[in-house]
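Down below is the structure, laid out as structure tokens.
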Amino acid sequence: MRESNIPNKILKWYDNNKRILPWRKKTSTKNREYFTLVSEFMLQQTQVKTVVPYFEKFIKNFPNLKSLASANDQKILKHWEGLGYYSRARNLKKTAIKILKEFNGNLPKDVEKLMSLPGIGEYTSRSILAIAHNRPYIPMDGNVERIIKRIFLLKEEKEISKENLIKKKAFFSYSKRSNDYAQAIMEIGALVCKPISPSCSICPLTLNCKAFKKKDFLVKSKNKLNKTKYFEACIYRHKNKYLLIKNKKFNFLKNLVIFPMNEINEKKFKYSLSKKINIKMSNMNMKIIISENNKLKKTRDSLLVDKSNINKHILPSFTKKIFNSLQN
DNA sequence: TGTCCACGTCT
DNA sequence: AAGACGTGGAC
């Protein structure tokens, strides 16, 4: 093995350092396809550590494509509760159905067919090809992108264009052990070549890394300034029952259960004497007044939920946070 | 406290 | 094609 062979260095590191993860267990081809599908959906925008317990529970309840395709939507969502980006769960079911109907229950083996499935885009299609089908693809996720930028010390707008990154990615091409190799690169990104304070002393690629040589790790600050929006949450309580509603009003957490809310202006928020809490959402910071004892009419979408029964509903963390703030 | 991760997918 | 969609943990 030549010292300069990057794929070999990466794989050797992986063999010695990979995490034991439930979707990496040796299993049948069919299971591997299904495990890859489920885990990759869960891993979109979500860290490994968060996904692990969800994956295990999900697989127990929906052990194969068929059971998932025929499962009740609410039951699927219940097992997604707290994971966020709930359209992933809805799309996963649609994809399971489509695979059974249109592809005879076989996970497709080319990018176009995979991308035709709901919830599968460029990243996931390539990760499935590599991980489930052992094809020589390297999916471009945040980890891979960061590694490429550092290895080649890419900083200019032009250099970090998508096309250029894909071109540079070819530098890592390798045709064997594609399953391990794709996961290995992402694993190095997650465990070693971290966004902040990378662990260069244990990195197998330091000799190949321009960022390391220049001591310039491109710690980026995108400064995506999230806007702040103001809301009033109306808490109607009767003894131990709370009024919740199925959200049709706001674009976030669509069709999930929330406390009734209105958007308000900054002034009203500022001068309110009610309890206030902050909740971060994906693209905004929410500042919320907790107004208790409001009189509310029951509507078609409202439900009166007993405190002890509250977990029977699918509650996004957003709702749980507000609920918890009431208990203090 | 506030910022970042977080290119992932869909609209 | 810019913005929407959740969450939690590191720092």
Side-chain angles (χ1 to χ4, degrees), chain A residues 36-55 77 79-95 111 114-128 137-150 154 160-166 168-169 182 185-186 189-199 217-229 247 249-258 263 276-288 314-322 324:
Chain A
T36 306
L37 184 72
V38 172
S39 61
E40 286 302 329
F41 265 72
M42 289 185 167
L43 286 164
Q44 289 166 5
Q45 298 288 79
T46 310
Q47 296 183 342
V48 165
K49 196 180 143 193
T50 308
V51 166
V52 168
Y54 282 91
F55 178 85
L77 239 21
H79 289 287
W80 208 273
E81 180 184 78
L83 199 52
Y85 290 121
Y86 297 92
S87 63
R88 292 182 297 177
R90 302 186 180 106
N91 282 334
L92 181 56
K93 179 180 173 179
K94 286 183 201 158
T95 281
V111 171
L114 283 165
M115 297 244 305
S116 76
L117 298 167
I120 295 184
E122 246 161 67
Y123 163 77
T124 306
S125 59
R126 283 164 175 77
S127 67
I128 286 172
Y137 285 82
I138 303 171
M140 179 78 82
D141 76 338
N143 294 311
V144 176
E145 180 178 332
R146 187 171 56 255
I147 291 172
I148 291 171
K149 282 182 185 166
R150 284 180 175 159
L154 309 178
I160 59 178
S161 69
K162 198 177 164 191
E163 296 73 39
N164 195 48
L165 288 176
I166 290 172
K168 294 290 184 189
K169 194 175 71 172
I185 299 182
M186 293 191 277
L191 300 182
V192 179
C193 196
K194 294 172 289 187
I196 298 166
S197 51
S199 309
F217 298 106
L218 308 170
V219 175
K220 63 174 170 185
S221 64
K222 260 191 206 158
N223 262 344
K224 273 188 290 183
L225 283 186
N226 276 347
K227 26 178 191 210
T228 298
K229 289 193 178 185
N247 175 33
K249 184 170 166 184
F250 300 103
N251 279 324
F252 55 87
L253 301 174
K254 259 220 165 345
N255 290 319
L256 296 173
V257 172
I258 62 172
E263 190 167 355
K276 297 170 180 180
I277 63 171
N278 298 333
I279 298 183
K280 281 183 311 182
M281 293 292 277
S282 52
N283 62 332
M284 63 175 152
N285 298 317
M286 306 178 75
K287 291 182 180 275
I288 304 166
I314 298 154
L315 300 182
S317 298
F318 175 79
T319 304
K320 286 186 179 169
K321 283 175 188 165
I322 295 177
N324 288 337

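To find a chain, count down the sequence lines: A is the first, B the second, and so on, and within it residues start at 1.
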Between B:dT11 and C:dG6 - P atom distance, rounded Å: 13 Å
Value in whole Å for how far the C1' atom of C:dA4 lies from CE of A:M286: 13 Å
Strand-adjacent residues in residues 80-94 of chain A, judged by heavy atoms under 4.0 Å from DNA chain C: A:G82, A:G84, A:Y85, A:Y86
For atom NZ of A:K276 and atom C1' of B:dT1, their distance in whole Å: 16 Å
Whole-Å P distance, C:dC11 and B:dA6: 14 Å
Touch class at under 4.0 angstrom, heavy-atom based, for A:T46 against every strand present: base
Sugar-phosphate, base or nothing in reach of A:K320, heavy atoms under 4.0 Å: nothing
Protein-nucleotide distance (A:K321, atom NZ; C:dG6, atom P), rounded to Å: 12 Å
Sugar-phosphate, base or nothing in reach of A:Q44, heavy atoms under 4.0 Å: sugar-phosphate
Touch class at under 4.0 angstrom, heavy-atom based, for A:I120 against every strand present: sugar-phosphate
Main-chain N/O of A:V257 paired to A:T319 side chain as donor or acceptor, under 3.5 Å: yes
Sugar-phosphate only, base, or nothing, as touched by A:E122 at under 4.0 Å among non-hydrogen atoms: sugar-phosphate
Touch class at under 4.0 angstrom, heavy-atom based, for A:K280 against every strand present: base
Charged N-O contact under 4.0 Å between A:K249 and A:E263: no
Touch class at under 4.0 angstrom, heavy-atom based, for A:L117 against every strand present: sugar-phosphate
Donor-acceptor pair under 3.5 Å, A:T50 side chain vs C:dG9 base: no
Stepwise side-chain contact (heavy atoms from CB on, under 4.5 Å) test for A:N143 and A:I185: CA-CA 8 Å; A:N143 294 311; A:I185 299 182; over 6 Å; no
Secondary-structure stems for DNA chain B, with pairs counted as Watson-Crick or G-U when both distances are under 3.5 Å and runs at least 3 long: B:2-5 with C:8-11, B:8-11 with C:2-5
Salt-bridge present (A:E122, A:R126; N to O < 4.0 Å): no
